[in-house]
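Each residue takes its place number in the sequence, starting with 1.
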Amino acid sequence: LMKNPTDEMIKYASLDAETAVFQNQTVLSKAANGITKAIPAAEIIIPFRRTPSAVAMQILNYTPAGIIKPLYDSIRKGQFDQRLFSQAMGRGITGTAVMFLGAELAKKGLITGTRPTGEREQKAWELEGKQANSIKIGNKWRQVQVLGPVGNLLIMGSVFQKNFDNSGSPTEAMAGALADSSKAFTQQ
C-alpha cells in the first residue's frame, strides 16, 4: 500500500494535509471567491479567503455541530464512511471538552472575550492589564489565538458561560456564544 496507495488513500492524505495547514476549500472560501469574481473590487476587502475560512470551519468542526455534517453526508449519499465519522466524533468530543474548560475559566475570571464597550469596564481592563480574547497565565494575560482553533473554542465556552449566567437559558446562551465567538474570531 505504501508503494501503490489507492486513489482513496491519496484523496484522504491530500485533504488531511490541506486541512492541517488551513488550505482546504470550504463553503465559506467558495462564497468569498464567488464574491470577488462577481465584484473584482471586493479583492481589496477580502484579500485572504481560504485560510480564515478554513480556520473558521475547523473551529466549527470541533463543536458538537461538527458531528452532524458527516452523518448528514452519509445519509444523503447512502454510504457510511467510518473514517469521516470517527474523525467527526473525535473532533466534536475534543472540542466540547475544550469549550467546557473555557466555561470553567470564565467562572474563575481567567479568560476574556471581546473588548468591553463601556468606558468604565474598559478602564478596569486597562488597570488589570486585560486584553480582548485572552487567557490569564500566571499574572499575565495572553492572546488565545496563539493556541489556534483551540483558543477560539476556549473563547466560545467562556462566552457561553457568561451568556448562560446572564440569561439562565442554554438556548439563549448558545445563540449568544455563536454571535460573540464570531465577533471575537473576526477581531483576531
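Taking the side chain as every heavy atom from C-beta outward, Lys140 and Arg142 approach each other to under 4.5 Å. The shortest side-chain heavy-atom distance between Ser158 and Leu105 does not fall under the 4.5 Å cut-off. In this structure the side chain of Lys123 never reaches within 4.5 angstrom of the side chain of Leu127, judged on heavy atoms. Counting heavy atoms from C-beta outward, Phe164 and Pro170 have side chains that approach closer than 4.5 Å. Under the 4.5 Å side-chain criterion, counting only non-hydrogen atoms from C-beta, Ser134 is in contact with Gln143.
Using a 4.5 Å cut-off between side-chain heavy atoms of Ile, Leu, Val, Met, Phe, Trp and Tyr, with links allowed through other members, Ile137 and Val150 fall into the same hydrophobic cluster. Under the 4.5 Å side-chain heavy-atom criterion for ILVMFWY residues, a single connected hydrophobic cluster contains both Val146 and Met156. Note on Leu147: it clusters hydrophobically with Leu110, by side-chain heavy-atom contacts below 4.5 Å among ILVMFWY residues. Under a hydrophobic clustering in which Ile, Leu, Val, Met, Phe, Trp and Tyr are joined whenever their side-chain heavy atoms come within less than 4.5 Å, directly or via other members, Ile93 and Phe85 fall into the same cluster.
Checking each of Asn61, Leu60, Ile67 against Thr63 for a side-chain contact (heavy atoms from CB on, under 4.5 Å) leaves exactly one that passes, namely Leu60.
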Check step by step if side chain to side chain contact (heavy atoms under 4.5 Å, CB included) holds for Leu154 and Ile111.
CA-CA 8 Å; Leu154 287 170; Ile111 192 167; 3.8 Å; yes

Residue pair Glu126, Arg115: steps toward the salt bridge (charged side-chain N to carboxylate O under 4.0 Å, His left out) verdict:
CA-CA 11 Å; Glu126 287 174 24; Arg115 183 168 168 76; 3.7 Å; yes

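Looking at Glu104 and Lys107, a side-chain N of the basic residue comes within less than 4.0 Å of a carboxylate O on the acidic one, giving a salt bridge. Ion pairing between a basic and an acidic side chain is recognised when a charged N comes within 4.0 Å of a carboxylate O; Lys69 and Asp73 show such pairing. Contact check on Asp16 versus Arg83 returns a salt bridge, with a Lys/Arg side-chain nitrogen under 4.0 Å from an Asp/Glu carboxylate oxygen.
Looking at every heavy atom in both residues, Gly129 comes nearest to Trp141 through O-CD1, 3.4 Å. A pairwise comparison of heavy atoms in Ile155 and Asn133 identifies CD1-CA, 3.7 Å as the closest pair. Minimum heavy-atom separation, Gln161 to Ala106: CB-CB, 4.1 Å. The two residues Leu1 and Met9 come nearest to each other via the heavy atoms CD2-SD, 3.9 Å. Contact record, Tyr62 with Met99: O-CE, 4.5 Å, taken as the closest heavy-atom pair. Between Thr117 and Gln122, the closest heavy-atom pair is O-NE2, 3.6 Å.
Within 6.0 Å of atom CZ in Arg120, 12 or fewer heavy atoms from other residues, nucleotides or ligands are found, so the atom counts as exposed in its surroundings. Other residues, nucleotides and ligands contribute more than 12 heavy atoms inside 6.0 Å of the OH atom of Tyr12. Counting non-hydrogen atoms of neighbouring residues, nucleotides and ligands closer than 6.0 angstrom, the CD atom of Gln82 exceeds 12 such neighbours.
For the residue pair Ser14/Glu18, the side-chain donor-acceptor check at 3.5 Å is not satisfied.
Without hydrogens or angle criteria, Thr112 side chain to Gln131 main chain gives a donor-acceptor distance under 3.5 Å.
We find the CD-CG distance between Gln87 and Leu15 to be 7.5 Å, quoted to the nearest 0.5 Å.
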